[in-house]
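Please read the structure below before turning to the comments.
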Amino acid sequence: MLAEERFREIQKYVESHGTVTVQELTDLLNTSESTVRRDLTELHKRGTLIKVHGGATTVGTSVWTRDEELSVRRDRNTEEKHKIAAYAAELIEADDFVYLDAGSSVDLLIDELNEESAVFVTNAIGHAQKLLKKGYEVLLIGGKLKGVTEAIVGAEALESLNRYNFTKGFFGTNGVHPQRGLTTPDSEEALVKKKAMERCAQCFVLADSSKIGQVTSITFSDMKESEILTTELKDSSYKKYKNIVEVK
């Protein structure tokens, strides 16, 4: 079966079932899992479906319960993420005390930093290492290390955050929705995000356009409580929200 024929079959099956697994598609197409995963990646890039952990779901209706590997998310929508990260970095001013949430978009923000006097706190091992190499003063909160996203979570992380009062915080999210709010698949990460936001005077959420309108299993904040940095909105209904900034 040619690639475009597989794409049509996959799209038809996803649209009729809502959410499907890689194994279901492997059986349907009588092909290998690696081929199905490559096809899902291509269709995700085209914007015709949403690739999630272990399968896919239809655009605009995604609800999933497990996070993807950080290495996978780093390679998705990179051009959009770079634009958002560059814009976000310009928001950091002299002597800011900044919280950086774990995540691929926030990771790119570090590459764009120019303000040398800012101090950073993070719950991501990778972020702390990059900041240190760039010569920044950085504090790493304590707690349990989550392997998939390389984020520090748990009760000790929440207790650590209670000590800080941040001028600004920059956060990642898996979904942005008017009614369901900002969401993530992991309950422990949701608690850390929520607590960190409570300690910030200003909160900025870095969300490429694929996250707009999506929903995952755990809400950690109302959509209106942060300034959401994204690229060109594909759904014009979101343009009415004054806290959503389209980065050009």
| field | Pairwise distance NZ(K194) to CG(L161) - rounded to 0.5 angstrom | value | 13.0 Å
| said: With a sphere of 6.0 Å drawn around NZ of K239, does it hold more than 12 non-hydrogen atoms of other residues, nucleotides or ligands? | reply: yes
| request: Would you tell me whether T184 and K193 have side-chain atoms, one donor and one acceptor, within less than 3.5 Å of each other? | output: no
| task | Please name the pair of heavy atoms, one in E112 and one in K134, separated by the smallest distance, quoted to 0.1 Å. | result | N-NZ, 4.4 Å
| Is there a path of hydrophobic side-chain contacts, each under 4.5 Å between heavy atoms of I, L, V, M, F, W or Y residues, that connects F120 with L108? | no
| Where the side chain of T122 meets the backbone of L100, is there a donor-acceptor pair that is under 3.5 Å apart? | yes
| Other residues, nucleotides, ligands: >12 heavy atoms within 6.0 Å of K12 NZ | no
| query | Are side-chain heavy atoms of L49 and Q11 found at a separation under 4.5 Å? | reply | yes
| query | Should K130 and D111 count as an ion pair when the cut-off is N to O under 4.0 Å? | reply | yes
| task | Examine I125 and V121 and state if one hydrophobic cluster contains both, with Ile, Leu, Val, Met, Phe, Trp and Tyr joined whenever side-chain heavy atoms are less than 4.5 Å apart. | result | yes
| message | Are V106 and V138 linked, directly or through intermediate hydrophobic residues, by side-chain heavy-atom contacts shorter than 4.5 Å (ILVMFWY only)? | response | yes
| said: Please determine whether side-chain contact (heavy atoms from CB on, under 4.5 Å) holds for the pair L139 and Y164, giving the CA-CA distance in whole Å, both sets of side-chain angles, and the decisive distance to 0.1 Å. | reply: CA-CA 11 Å; L139 301 170; Y164 299 122; 4.0 Å; yes
| Quick check: does any side chain N or O of S209 sit under 3.5 Å from a backbone N or O of T231, one acting as donor and the other as acceptor? | no
| So how far is it from I141 CD1 to E159 CD, rounded to the nearest 0.5 Å? | 11.5 Å
| So do the side chains of L182 and T219 get within less than 4.5 Å of each other, counting heavy atoms only? | no
| Is there side-chain contact between V20 and L28, with heavy atoms separated by less than 4.5 Å? | no
| query | What class does the angle between the rings of F170 and F204 fall in, given that below 30° is parallel, 30 to 60° is tilted and above 60° is perpendicular? | reply | parallel
| request: For residues N123 and A102, report the shortest heavy-atom separation together with the two atoms involved. | output: OD1-N, 3.1 Å
| Closest non-hydrogen atom pair, A118 against Y136 | O-CD2, 3.9 Å
| said: Please report the interatomic distance CD(E24) to CG(L29), rounded to the nearest 0.5 Å. | reply: 11.5 Å
| Does any N or O in the side chain of H127 come within less than 3.5 Å of the main-chain N or O of D101, such that one atom is a donor and the other an acceptor? | yes
| note | In terms of heavy-atom contacts, A124 and L140 come closest through O-CD1, 3.8 Å
| message | I'd like to know if K83 and E80 make a salt bridge, using a cut-off of under 4.0 Å between side-chain N and carboxylate O. | response | no
| message | Count I, L, V, M, F, W, Y as connected when their side-chain heavy atoms are under 4.5 Å apart, and connections chain through other members. Are V119 and I152 then in the same cluster? | response | yes
| message | Walk me through whether C200 and F171 qualify under side-chain contact (heavy atoms from CB on, under 4.5 Å). | response | CA-CA 11 Å; C200 295; F171 298 83; 4.1 Å; yes
| Less than 4.5 Å apart, any side-chain heavy atom of M197 and any of F220? | yes
In residues 31-39, what donor-acceptor pairs under 3.5 Å come from side-chain atoms, sequence neighbours left out?
| unit_1 | atom_1 | unit_2 | atom_2 | d |
| --- | --- | --- | --- | --- |
| S32 | OG | S34 | OG | 3.1 |
| S32 | OG | T35 | N | 3.2 |
| S32 | OG | T35 | OG1 | 2.9 |
| T35 | OG1 | R38 | NH2 | 3.4 |
| D39 | OD1 | R6 | NH2 | 3.1 |
| D39 | OD2 | R6 | NE | 2.5 |
| D39 | OD2 | R6 | NH2 | 3.4 |

| query | For E4, does the CD atom have more than 12 heavy-atom neighbours from other residues, nucleotides or ligands under 6.0 Å away? | reply | yes
| field | T230 side, atom OG1; K211 side, atom NZ - distance, nearest 0.5 Å | value | 9.0 Å
| query | Is E188 paired with K146 through a side-chain N to carboxylate O contact shorter than 4.0 Å? | reply | no
| said: So V192 and L158, do their side chains get closer than 4.5 Å, heavy atoms only? | reply: yes
| query | Taking C-beta and beyond as the side chain, do F97 and N165 meet within less than 4.5 Å on heavy atoms? | reply | no
| Taking the side chain as C-beta and beyond, is there a heavy-atom pair between I228 and Y238 under 4.5 Å? | no
| request: Could you tell me which non-hydrogen atom of V205 sits nearest to which non-hydrogen atom of S226, and how far apart they are? | output: CG2-CB, 3.7 Å
| query | Same hydrophobic cluster for F166 and L113, using side-chain heavy-atom links shorter than 4.5 Å among ILVMFWY? | reply | no
| query | Side chains of D235 and S237: is there a donor and an acceptor less than 3.5 Å apart? | reply | yes
| message | I need the S210 OG to K81 NZ distance, nearest 0.5 Å. | response | 7.0 Å
| task | For atom CG of N30, decide whether the heavy atoms of other residues, nucleotides or ligands shown that lie under 6.0 angstrom number more than 12. | result | no
| message | If the test is side-chain contact (heavy atoms from CB on, under 4.5 Å), which one of I92, L229, I84, V98 qualifies with L109? | response | I92
| field | 4.5 Å side-chain heavy-atom contact, E227 and V245 | value | yes
| field | Atom pair CD (E189) and CD1 (I218), whose distance is rounded to the nearest 0.5 Å | value | 11.5 Å
| query | Heavy-atom count around E116 CD within 6.0 Å, excluding the residue itself: above 12? | reply | no
| query | Is atom NZ of K133 surrounded by more than 12 heavy atoms (other residues, nucleotides or ligands) closer than 6.0 Å? | reply | no
| Of all heavy-atom pairs between Q214 and T183, which one has the smallest distance, and what is that distance? | O-OG1, 4.3 Å
